[in-house]
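Everything on this sheet refers to the single structure shown next.
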Amino acid sequence: MDLGLTQSELTLQQRARKFANGTVRKRGIEIDRTGEYPWDVVEAMKAEGFLGMTIPRKYGGQGASFLDAVLVIEELGKACTVASRIAVETNMGAISTVMQYGSDEQKKLAAELVLSGDKPAICITEPDAGSDATSMGTRADKRGDAYVINGRKHWITGAGVSKLHLIFAKVFDEQSRPLGIAGFLVVREKDKGLKFVKREPTMGLRGMPEGELAFENIEVPASMMLTPPSGIKRGFFDLMNAYNSQRVGAGTVALGVAGGAFDYAVEWIKTREQFGRPIAEFQGLQWMLADMQVALTASRLMLYTAARSKGPNGSPFPDPELAAQAKIFSAEAAIKIVNDALQFYGARGYSNNFPLERMARDVRMFTIGGGTAQVLRTLVASKTLGWKLPQTREGYLDIANKKKSAAE
Ligand SMILES: Cc1cc2nc3c(=O)[nH]c(=O)nc-3n(C[C@H](O)[C@H](O)[C@H](O)COP(=O)(O)OP(=O)(O)OC[C@H]3O[C@@H](n4cnc5c(N)ncnc54)[C@H](O)[C@@H]3O)c2cc1C
């Protein structure tokens with residue numbers, strides 16, 4: 001299908017495919033077995049120019065488009081989910097937030113780290129503050145020209161390996177009055193008090209550490225506080241908006257894994273014979289295969305459209321609802337596609353001698369991390385209805401009371 005890619009986009013896609021099919025595919029299997037973060041793959045990606053490619057030229061990057069990054073992420077996802085996620089986190093995620101709202105000093109720091117091979121960590125989730133992120137307990141207290149951060153985060157991707165951490169905390173002034181939520185750029189090893197607590201034993205993506213971090217009196221210069229122009233009070237909402245590109249990136253990893261599983265599935269059903277003929281001749285499997293293809297095409301069209309709509313790194317995401325829709329659809333579709341591909345392999349699909357069981361474990365996270373499929377649906381429903389949809393009881397009561405008083 002012609003997806004309207006330009007010649008240079010097609011060339012990049014081919015280059016990424018060749019790179020992914022080289023050592024990266026083989027490493028994908030080993031990374032899953034050892035659970036080790038693949039520094040060698042990071043170096044290879046750096047040499048290939050796939051780390052921080054969307055960073056503006058002014059800060060040492062290539063100023064590549066988000067669609068360019070998406071094409072690379074998809075190809076890597078077919079071969080190695082960990083490598084694909086590294087591409088997301090060095091082109092979108094924290095780096096996008098810093099490029100959109102950061103000061104010149106912050107942008108230089110983040111770009112330098114990413115281009116040298118760092119995958120920044122985004123620190124939002126806490127044991128008691130998951131989907132309800134604004135109830136976080138981590139706090140940053142103003143002390144002269146600095147903020148002192150205390151708290152705990154869990155399920156932080158890159159915990160123990162990332163250098164740059166974008167830590168979200170409730171901000172308090174010198175009199176302990178709450179001001180809102182802001183992000184803080186903290187560098188492991190340089191800023192004291194950032195403690196690695198433990199690594200989570202995960203279902204999939206085993207080479208990408210997920211872990212718990214504790215912040216004990218980390219003193220951060222005030223210049224490292226990240227707030228959007230809207231200020232601290234409503235800043236968290238805007239900072240979260242900067243994650244729309246990350247959602248497109250995460251959806252693309254899922255698409256890549258699904259595409260990789262699909263390729264294995266097509267090859268397998270043409271060669272595996274039962275009842276004296278290739279199993280591809282059975283209509284029961286042909287229809288499953290067709291549904292997989294339909295879902296892949298739909299995911300690709302949504303993700304490419306969302307990526308195309310985004311201007312250079314640093315510009316706002318024009319349509320957050322589109323990013324949410326693309327992530328919901330591609331993540332859920334990918335889980336089903338990989339599962340169906342595994343089914344085609346019969347017992348072999350269930351064996352870790354074949355790649356499908358790893359892919360099925362890896363792909364499961366995409367309806368959870370980066371905003372669950374349910375919470376993203378709330379965003380889509382809110383936009384569709386044209387209503388604010390507060391999730392707290394107090395928020396609903398407030399709206400109900402206002403409606404009641406207006407009617408009286
Ligand atoms: C692999 C992985 C990587 C991650 N990486 C990071 C990271 O780098 N940084 C970070 O900060 N966090 C990270 N997370 C955490 C992730 O963002 C949270 O898991 C997610 O926001 C959900 O929070 P929770 O797990 O506490 O679930 P909960 O919020 O407790 O939700 C439990 C269930 O209830 C549903 N639910 C909750 N509220 C609503 C609602 N209002 N309406 C409908 N359903 C609702 C959820 O969809 C979910 O199904 C990662 C998670 C995973 C699995």
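Atoms within each ligand, like the ligands themselves, are counted from 1 in listed order.
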* How about atom 35 (C) of ligand 1: does it have a protein heavy atom within less than 4.0 Å? -> no

* Nearest protein heavy-atom contact for atom 38 (N) of ligand 1: which residue, which atom, what distance? -> Ser131 CB, 3.8 Å

* Asked: Under 4.0 Å from any heavy atom of Ile122, which atoms of ligand 1 are there?
  -> 7 (C), 8 (O), 9 (N), 10 (C), 11 (O)

* Kindly indicate whether atom 50 (C) of ligand 1 is approached by any protein heavy atom to under 4.0 angstrom. => yes

* In terms of side-chain heavy atoms, does Ser230 have a donor or acceptor partner in Asp238 at a distance below 3.5 Å? -> yes

* Asked: At a 4.0 Å threshold, what atoms of ligand 1 neighbour a non-hydrogen atom of Gly370?
  -> 17 (O)

* Structure fact -> Min over Met208, Glu210, Gln246 of heavy-atom distance to atom 3 (C) of ligand 1 lands on Glu210

* If hydrogens are left out, which of Ile156, Leu205, Thr157, Asp362 has an atom nearest to atom 5 (N) of ligand 1, that is, the closest non-hydrogen atom? -> Thr157

* Hey, does His154 come in under 3.5 Å of ligand 1, counting only N/O atoms on both sides? -> no

* Asked: Just wondering, do Val171 and Lys142 contact through their side chains at under 4.5 Å, heavy atoms?
  -> no

* **Between Glu74 and Tyr304: side-chain donor-acceptor atoms closer than 3.5 Å** => yes

* Do any non-hydrogen protein atoms sit less than 4.0 Å from atom 44 (N) of ligand 1? -> yes

* To do: May I ask you to say whether Arg15 pairs ionically with Glu48, meaning some side-chain N is under 4.0 Å from a carboxylate O?
  => yes

* Asked: Heavy atoms only: which of Thr372, Leu389, Leu213 is nearest to atom 47 (O) of ligand 1?
  -> Thr372

* Asked: Does a side chain donor of either Gln13 or Glu9 reach within less than 3.5 Å of an acceptor in the other side chain?
  -> no

* For ligand 1, which atoms, with element, lie under 4.0 Å from some heavy atom of Ile368? -> 19 (O), 20 (C), 53 (C)

* Any idea which protein heavy atom is nearest atom 24 (P) of ligand 1, and the distance to it? -> Gly130 CA, 4.0 Å

* Asked: Heavy-atom distance from atom 31 (O) of ligand 1 to the protein below 4.0 Å?
  -> yes

* To do: Check the surroundings of atom CH2 in Trp387: do more than 12 heavy atoms from other residues, nucleotides or ligands lie under 6.0 Å from it?
  => no

* Asked: Where do Glu105 and Lys108 land on the salt bridge (charged side-chain N to carboxylate O under 4.0 Å, His left out) test, with the steps shown first?
  -> CA-CA 5 Å; Glu105 183 191 3; Lys108 277 186 187 145; over 6 Å; no

* **Ser96 versus Gln246, side-chain donor and acceptor atoms under 3.5 Å** => no

* Structure fact -> re atom 18 (C) of ligand 1, the protein heavy-atom contact at minimum distance is Thr125 OG1, 4.0 Å

* Asked: Nearest protein heavy atom to atom 41 (N) of ligand 1, by residue and atom, and its distance?
  -> Gln391 OE1, 2.7 Å

* Side chains of Arg348 and Asn353: does their closest heavy-atom pair fall under 4.5 Å? -> no

* To do: Starting from atom 39 (C) of ligand 1, find the nearest protein heavy-atom neighbour and note its residue, name and distance.
  => Val375 CG2, 4.1 Å

* To do: Return a yes/no value for Met365: is any of its N or O atoms, backbone included, closer than 3.5 angstrom to an N or O of ligand 1?
  => no

* To do: Verify the neighbour count for atom OH of Tyr396: are there more than 12 heavy atoms of other residues, nucleotides or ligands below 6.0 Å?
  => yes

* To do: Can you pull out the closest protein heavy atom to atom 52 (C) of ligand 1? Residue, atom name and distance to 0.1 Å, please.
  => Trp155 CE3, 3.7 Å

* Note, Leu51 side chain near Leu115 side chain (heavy atom, < 4.5 Å) -> no

* Asked: At under 4.0 Å between heavy atoms, which part of Arg377 makes contact with ligand 1: side chain, backbone, both or neither?
  -> neither

* Within-cut-off N or O pair, Asp132 and ligand 1, under 3.5 Å -> no

* Can you tell me if OH on Tyr350 sees more than 12 non-hydrogen neighbours from other groups inside 6.0 Å? -> no

